[in-house]
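Reviewing the structure listed below.
We're numbering straight along the sequence, starting at 1.
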Amino acid sequence: MTDKTNKKTNKLTSWEMGFLGWFLIFTISTSVIVIERFTPVYINSFYIRLGLYIISASLLTFWIGWILFGYKAVQKRRAIFVIVIAISLLKAYLTWEGDWKTQTILYTNQNDDCKTIEFQMRGDWFAFGYKKRIVERKKSFRS
């Protein structure tokens, strides 16, 4: 008779699959934040940007708590998530500068409709007046 309990399998447990899924979500959201921060890529939706920050910050905070405090952090994950959301919303409220809105399209490339030069304005949250800019824009998707 063979003992089936000592047999090693290469299958991942449900816990490991869950961890890998959350790690993939964390990696993707953090990568999008880094790309948006350090390249000319701009996420035009405030809510998408805020959601990415909340996902990245809450998962990172949860994992750090898990490493430092063990199972106690797992028991308090709802409280950790609520605190991260509150801090993220407060940060977003205090540092929001407004979204750039296209006022007029100054030039459209005749060969490629996705390349335009636009005049944009945005209103700041705590300041009076508007900021203005002229930007060359290459859209990723055709509309």
Side-chain angles (χ1 to χ4, degrees), residues 1-106 108-109 112-143:
M1 288 185 124
T2 59
D3 188 12
K4 292 184 180 181
T5 57
N6 292 335
K7 194 177 190 181
K8 272 194 159 182
T9 60
N10 291 331
K11 293 182 181 178
L12 294 175
T13 64
S14 62
W15 180 86
E16 292 169 332
M17 288 298 291
F19 178 80
L20 288 176
W22 286 112
F23 185 74
L24 181 66
I25 292 170
F26 171 76
T27 304
I28 290 170
S29 63
T30 304
S31 299
V32 170
I33 290 171
V34 169
I35 288 170
E36 197 249 348
R37 177 75 178 158
F38 295 109
T39 65
V41 173
Y42 180 70
I43 298 174
N44 204 23
S45 173
F46 169 75
Y47 298 109
I48 292 175
R49 201 174 322 123
L50 180 63
L52 289 171
Y53 279 115
I54 288 173
I55 289 169
S56 293
S58 61
L59 288 174
L60 182 64
T61 305
F62 177 68
W63 286 331
I64 289 172
W66 191 5
I67 290 168
L68 295 178
F69 303 114
Y71 190 69
K72 291 178 189 175
V74 174
Q75 293 173 332
K76 302 200 184 294
R77 66 179 167 230
R78 286 189 182 133
I80 291 171
F81 190 67
V82 167
I83 290 169
V84 167
I85 286 177
I87 291 171
S88 297
L89 288 173
L90 182 66
K91 182 223 177 256
Y93 177 76
L94 293 176
T95 61
W96 183 69
E97 294 179 332
D99 295 329
W100 289 102
K101 302 291 182 192
T102 300
Q103 303 299 316
T104 56
I105 297 175
L106 302 174
T108 303
N109 190 332
D112 186 5
D113 292 340
C114 291
K115 292 181 182 178
T116 60
I117 296 178
E118 301 175 355
F119 173 68
Q120 297 180 340
M121 295 175 68
R122 78 170 181 202
D124 287 335
W125 189 258
F126 295 112
F128 298 107
Y130 294 95
K131 291 187 177 178
K132 302 172 185 175
R133 72 177 184 179
I134 295 176
V135 63
E136 180 181 353
R137 193 165 167 199
K138 180 167 174 45
K139 297 177 185 174
S140 301
F141 303 103
R142 293 186 187 272
S143 54

Closest non-hydrogen contact found for Ile105 with Thr108 is CG2-OG1, 3.5 Å
For Lys131, which residues count as a salt bridge (Lys or Arg N to Asp or Glu O under 4.0 Å) partner, sequence neighbours excluded?
-> Asp124
Could you tell me which residues satisfy salt bridge (Lys or Arg N to Asp or Glu O under 4.0 Å) with Glu36, sequence neighbours excluded, listed by chain and number?
-> Arg49
For Leu50 and Ser88, which heavy atoms make the closest approach, and how far apart are they?
-> CD1-O, 3.9 Å
Return the set of residues passing side chain to side chain donor-acceptor pair (under 3.5 Å) with Thr116 (not counting sequence neighbours), or none when no residue passes.
-> Glu118
Partners of Ser29 by side chain to side chain contact (heavy atoms under 4.5 Å, CB included), sequence neighbours excluded?
-> Leu52, Ile55, Ser56
Hey, mind stepping through Leu24 and Leu20 against side-chain contact (heavy atoms from CB on, under 4.5 Å) and telling me if it holds?
-> CA-CA 6 Å; Leu24 181 66; Leu20 288 176; over 6 Å; no
Could you state the interatomic distance from OG1 (Thr30) to CG (Leu60), rounded to the nearest 0.5 Å?
-> 7.5 Å
Hey, could you give me the CG/CZ distance between Leu59 and Phe81, rounded to the nearest 0.5 Å?
-> 8.5 Å
side-chain contact (heavy atoms from CB on, under 4.5 Å) partner of Gln120, chosen from Gln103, Lys101, Lys132, Arg137 | Arg137
Looking at CD1 of Ile134 and OG1 of Thr104, how far apart are the two atoms once the value is rounded to the nearest 0.5 Å?
-> 8.0 Å
Taking only residues two or more places apart in sequence or in another chain, which ones pass ring-ring contact (aromatic ring centres under 6.0 Å, His included) with Phe26?
-> Trp63
Do the non-hydrogen side-chain atoms of Ile33 and Ile43 ever get within less than 4.5 Å of each other?
-> no
CZ (Phe119) with more than 12 external heavy atoms under 6.0 Å | yes
Residues forming a side chain to side chain donor-acceptor pair (under 3.5 Å) with Arg37, sequence neighbours excluded = none
